[in-house]
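Nothing here was measured: the structure is a model prediction, and the numbers come from that model. These numbers come from the heavy atoms of this one structure, side chains and all, not from hydrogens, waters or symmetry mates.
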Amino acid sequence: MLYEIAHTIKERCEFLWDAIEWGNALAFSVMYRKGLKRIPEILEKYSTDYTLRLATKDDIPDMVKFFAEQPENAFKFFKPHGFDEKSLKKIVCNKSFITFLVLSGETIVGYFFLRCFVNGKSFKGYIVDYRARGRGISKLQGIAMNKIVEALGVRLFGSISLENPASLAAAKAVNELKILKTLENGDYYIEFLPKEAGEA
């Protein structure tokens with residue numbers, strides 16, 4: 001229900017949505033500050049072949065370039081926000097919309113996020129550079145997100161299209177999937193649960 005209400009407000013009343021975003025971000029940063037402080041150490045733990053870290057305002061020009069270089073079909077199932085400088089600045093500065101980068105050297109090869117709410121729910125999204133697919137980056141992002149939501153003490157949700165089997169496979173590699181409902185557009189609305197035995 002919350003999922004549908006949020007999307008309706010966002011699409012039909014931008015001013016009200018911005019006010020809700022601001023209030024949610026402020027409350028979330030206060031209520032979950034202990035878990036938020038643990039995020040850098042979690043990212044460092046999983047930075048082996050690639051570097052995982054929080055995105056900052058200084059990264060925005062490189063993020064714009066990263067998204068601009070992706071083929072059009074990369075956005076068929078990934079449209080969480082705008083990819084221009086203004087939109088990315090708004091996202092990166094939002095304390096409840098936690099954005100992360102995966103780097104190979106100094107080059108961005110992956111982007112992922114957790115959209116968090118004060119009611120203890122979070123929603124995930126991720127994209128891997130088309131030139132770096134098949135290297136385990138999606139799985140790495142999934143594991144990192146699992147550990148972060150565990151540290152925060154929030155539940156993890158998202159939607160997956162049946163026409164996107166790669167995303168479904170990546171999710172199953174690191175999570176047990178609890179399908180809650182089928183949305184109007186045909187996507188599955190899913191709660192991502194930790195695997196009982198190991199991370200993969």
Separation of L114 CG from F100 CZ (nearest 0.5 Å): 4.5 Å
Can you confirm whether [X] sits close enough to [Y] that some side-chain heavy atom of one is under 4.5 Å from a side-chain heavy atom of the other?
{"X": "V109", "Y": "V128", "result": "no"}
{"X": "F192", "Y": "L177", "result": "yes"}
{"X": "Y126", "Y": "M145", "result": "yes"}
{"X": "F123", "Y": "S159", "result": "no"}
{"X": "L101", "Y": "Y111", "result": "yes"}
{"X": "F112", "Y": "L52", "result": "yes"}
{"X": "K65", "Y": "E69", "result": "yes"}
{"X": "L88", "Y": "T99", "result": "no"}

Mutual orientation of the aromatic rings belonging to F83 and F78 [parallel < 30°, tilted 30-60°, perpendicular > 60°]: parallel
Ring geometry between F97 and H81 (parallel below 30°, tilted from 30 to 60°, perpendicular above 60°): perpendicular
Geometric cation-pi criterion R115 and F117, 6.0 Å radius, 45° cone: yes
Lys NZ or Arg CZ of K147 over Y46 ring: under 6.0 Å, within 45°: no
Exam field: side chain [X] to backbone [Y], donor-acceptor pair closer than 3.5 Å:
{"X": "N24", "Y": "C116", "value": "yes"}
{"X": "N94", "Y": "E21", "value": "no"}
{"X": "K195", "Y": "K172", "value": "yes"}
{"X": "R33", "Y": "V30", "value": "yes"}
{"X": "D129", "Y": "G110", "value": "no"}
{"X": "E85", "Y": "I60", "value": "no"}

Partners meeting salt bridge (charged side-chain N to carboxylate O under 4.0 Å, His left out) with D59 (sequence neighbours left out): R53
Over 12 non-hydrogen atoms of neighbours within 6.0 angstrom of CZ in F77: yes
